[in-house]
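Here is the structure we will look at.
Order of the sequence lines sets the chain letters (A, B, ...), proteins ahead of strands, with each chain counted from 1.
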There are 2 protein chains.
Amino acid sequence: MATVPSSSPSTGATIYSVAERAGVSIATVSRVLQGAGTVSSKTSQKVLDAVDALNYVPLGAARSLAVRHHEAHGLVLPELSGPYYSELLIGFESRAAELGQSVTLMLTEGKGDIGRAVRQLATRVDAIAVLGSAAMPPAVARALHGQKPVVIIAGTPQDGIEGVGAENAASAERLTEHVLAHGRTRLLFVGDPAGAPDIADRHVGFVAAHAARGLVPAAPVRVAFREADGRAVAERLLSGELEADALVCANDELALAAMTRLQDAGRDVPGDVAVVGWDDVMTARYVRPGLTTVRQPVRELGAVAAERLHDRVAGGAPRLEPQVLATELVVRTSCGCPRP
Amino acid sequence: MATVPSSSPSTGATIYSVAERAGVSIATVSRVLQGAGTVSSKTSQKVLDAVDALNYVPLGAARSLAVRHHEAHGLVLPELSGPYYSELLIGFESRAAELGQSVTLMLTEGKGDIGRAVRQLATRVDAIAVLGSAAMPPAVARALHGQKPVVIIAGTPQDGIEGVGAENAASAERLTEHVLAHGRTRLLFVGDPAGAPDIADRHVGFVAAHAARGLVPAAPVRVAFREADGRAVAERLLSGELEADALVCANDELALAAMTRLQDAGRDVPGDVAVVGWDDVMTARYVRPGLTTVRQPVRELGAVAAERLHDRVAGGAPRLEPQVLATELVVRTSCGCPRP
DNA sequence: CTGTTAGCGCCTTCAT
DNA sequence: ATGAAGGCGCTAACAG
């Protein structure tokens, strides 16, 4: 017969109350709940009945303390607008769940002290994945590194912190070359390479494609990647401040906003200006002309991140080389290709 | 001088190692870290230094066990496609963070045993918000209810479980009346009222608007709300199986897919058929004609849910009446309104 | 202002 | 197959 140290009925059932009701020891209850050890089916049933009757919900914190694992992964995202982050989150959560890990999410946007928030997060998870190095002050990254496994998604791996990402430079080069092959000569890269590591990579590809033809592209139009920024770029084009016969945008939001503004002003896309983007968001296939863009395996990226964390928590060594997933060029008609 | 029970350097610093290094007791360390009690600034600094030197990250589980609170809220979402869920999540996370709560996310899509997953979640959070009652088997809802505070978002409140949601019926009625006022007579409701509680409410409004004019609408076209379903409905319209001069769709994905397919087949929207939707997704303002739809304060909805959970955890009583937020009709031109 | 000392609920050897 | 008992790291009285 088990002893119940202090039964607080209001607080809900504990392993003690379950044991008491089932007439067994707490060790037995623990065994049947964990499926560990061997328990006679008769005893097991008694325990299960008690659990059911008491509506027992184990206290995760107590278990975590005992097993010395949170069984949870942390994911730090800058924000959640557009399909990119959602897809990443889906992939991450799904894989984490398959591996028996919960996921605790943190959005940095709007948080005053990101460092504090991340440390707080570190308090309750076994490992952390962060999207883009910019989202997390390097100091925090270093602090966490060595304490908990950390992987950076789509960011520049720093100080030997493991990274996973999608291929950017090569597909940017392919995309740019595709536009160049349409006879366009004055391409403009819209987006700030300094804003995010993967944007930087895309710009590298953009430049490389030009270089391959002995060309030197104009300087990038450094803007953030919201729709408003895309509209603003279109305005600058319309006013003559900027000149181009093709816009290679850092993402689809930018491309769509620019394209639509241009069209509303009477410009022909792609006749007057070709416009291409990145991400293949839903809208990209609804607009006319359809937006030529690059599709990234974002969901898989999230899954890979979750997997790496799990492996690291299990004692696996960090990979030295970042894992990079392939991307795919999606050609529609905004680039100047004829309608199918 | 503090005693360190068992120092495992590999496992990272504990409150004991910090105390030892700072030459104080663990109680003092706890005090400065929690900002509770009073500690001389000199001692405080010593502790902070030790924390820093050891790169101490407290173990959340231990704290949770001691304070008997997880300081975390759970959020259960069916999936994460489209902007609706993301917005909700943003609102929820932001408000939760402001209240000092972490958020643990769970997606039911793809999970075999949702009940098991929810119970597992309940293990590590103080309270749970669930989107749509359909996502969580009633049995689980009952089991959790009484154990942990639960609020249902945009679902039919059951058994006195608290609910929060956006207004649906009245705006659906307004939207439908708007279409009717354009002289349309054969409206079709596209979406399955049985699929989700808020769809049911929208259908109620749809019927009410007809009733107000002494009309009886056709039976709803019961389909899920993915793009493929919208295209399928368009096909049935094109083939003559379905007949209508206006489509009132349960959400924008459906509306956009149907509208585009119709246009690709040469139909004029809104000339031949008006199409309206729900949610005001990004694409809605990019397509031509612009999609007339209804905007919901989704982000705020998430915030309210987080707030309610927090209040309940603090001992607040569940609200008897569901909290419902106002929605807004967004009139563009797909309904038949003239271009501005 | 600071140290001592019980627990918090669960897991896990070690006996039996 | 089952029970007893120690410990996981931290908080919160209670003393001093």
Side-chain angles (χ1 to χ4, degrees), chain A residues 1-20 22-47 51 54 56-71 120 122-124 126 147, chain B residues 1-20 22-47 51 54 56-71 120 122-124 126 147:
Chain A
M1 183 70 157
T3 320
V4 179
S6 71
S7 55
S8 4
S10 62
T11 302
T14 70
I15 198 173
Y16 289 99
S17 43
V18 172
E20 185 175 37
V24 299
S25 74
I26 62 165
T28 298
V29 174
S30 181
R31 284 188 192 103
V32 348
L33 261 33
Q34 303 309 319
T38 41
V39 183
S40 79
S41 60
K42 195 179 307 175
T43 309
S44 187
Q45 194 52 53
K46 278 192 302 183
V47 171
V51 164
L54 265 32
Y56 171 56
V57 177
L59 195 59
R63 174 183 165 82
S64 293
L65 184 55
V67 303
R68 301 165 70 86
H69 271 315
H70 295 282
E71 296 171 322
Q120 161 64 28
T123 256
R124 32 177 62 262
D126 297 316
Q147 296 296 114
Chain B
M1 182 70 159
T3 320
V4 179
S6 70
S7 56
S8 2
S10 61
T11 302
T14 70
I15 199 172
Y16 289 97
S17 44
V18 172
E20 186 175 37
V24 300
S25 75
I26 60 166
T28 298
V29 174
S30 181
R31 283 188 193 103
V32 349
L33 261 33
Q34 302 309 319
T38 42
V39 184
S40 79
S41 60
K42 193 179 308 176
T43 309
S44 186
Q45 195 52 54
K46 279 192 301 184
V47 171
V51 164
L54 265 32
Y56 170 56
V57 176
L59 195 58
R63 174 182 164 81
S64 293
L65 185 54
V67 302
R68 302 167 69 86
H69 271 317
H70 294 282
E71 295 170 321
Q120 161 63 28
T123 256
R124 35 177 60 263
D126 297 315
Q147 295 295 116

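Checking Ala66(B) against Thr28(B), the closest nucleotide of DNA chain C that is more toward the 5' end is the one next to Thr28(B).
Note on Thr43(B): every side-chain N or O is 4.0 Å or more away from OP1 and OP2 of dC1(C). Thr38(A) has a side-chain polar atom (N or O) that falls below the 4.0 Å cut-off from OP1 or OP2 of dA1(D). Close to dC11(C), at under 4.0 Å from its OP1 or OP2, lies a side-chain N or O of Ser30(A). Regarding contacts with the backbone of dC10(C), a side-chain N or O of Tyr56(A) is found under 4.0 angstrom from either OP1 or OP2. For the OP1/OP2 pair of dA1(D) and a distance below 4.0 Å, the side-chain nitrogens and oxygens of Arg31(A) include no atom meeting the criterion.
Evaluation of atom-type donor-acceptor distances gives a pair under 3.5 Å for the side chain of Tyr16(B) against the base of dC10(D).
Spacing between atom CD of Gln34(A) and atom C1' of dG9(C) amounts to 13 Å, rounded to whole angstrom units. The nearest whole Å value for the distance from the CD1 atom in Ile15(A) to the P atom in dA4(D) is 14 Å. Distance CG (Leu59(B)) to C1' (dC10(D)): 9 Å, rounded to an integer number of Å. Rounded to whole Å, the distance from NE2 on His69(A) to P on dG9(D) is 13 Å. For Gln147(A) and dG9(D), the CD to P distance is 14 Å, given to the nearest whole Å. When the P atom of dT2(C) is taken as reference, atom CD of Gln45(B) falls 13 Å away, rounded to whole Å. Distance CD (Glu20(A)) to P (dG3(D)): 13 Å, rounded to an integer number of Å. Atom CD1 of Ile26(B) and atom P of dT4(C) are 10 Å apart (whole Å).
Taking every side-chain heavy atom of Ala27(B) into account, dG3(C) is the closest of dG3(C), dC10(C), dA4(D). Each of dC11(C), dA12(D), dT2(C) was ranked by its minimum atom distance to the side chain of Ser40(B); first place goes to dT2(C). In this structure, of dC11(C), dC8(D), dT11(D), it is dC8(D) that holds the atom nearest to the side chain of Leu65(A). In this structure, of dG9(C), dT2(D), dA13(D), it is dG9(C) that holds the atom nearest to the side chain of Arg68(B).
Checking side-chain atoms of Thr123(B) against main-chain N and O of Leu59(A) turns up no donor-acceptor pair under 3.5 Å.
To the nearest 0.5 Å, atom CD of residue Glu71(A) and atom CZ of residue Arg124(B) are 6.5 Å apart.
Taking every heavy atom of both residues into account, Ser64(B) and Ala61(A) meet most closely at CB-CB, 3.5 Å. The minimum heavy-atom distance linking Val47(B) with Val24(B) is given by the pair CG2-CG2, 3.9 Å. A pairwise comparison of heavy atoms in Val39(B) and Ser44(B) identifies CG1-N, 3.8 Å as the closest pair.
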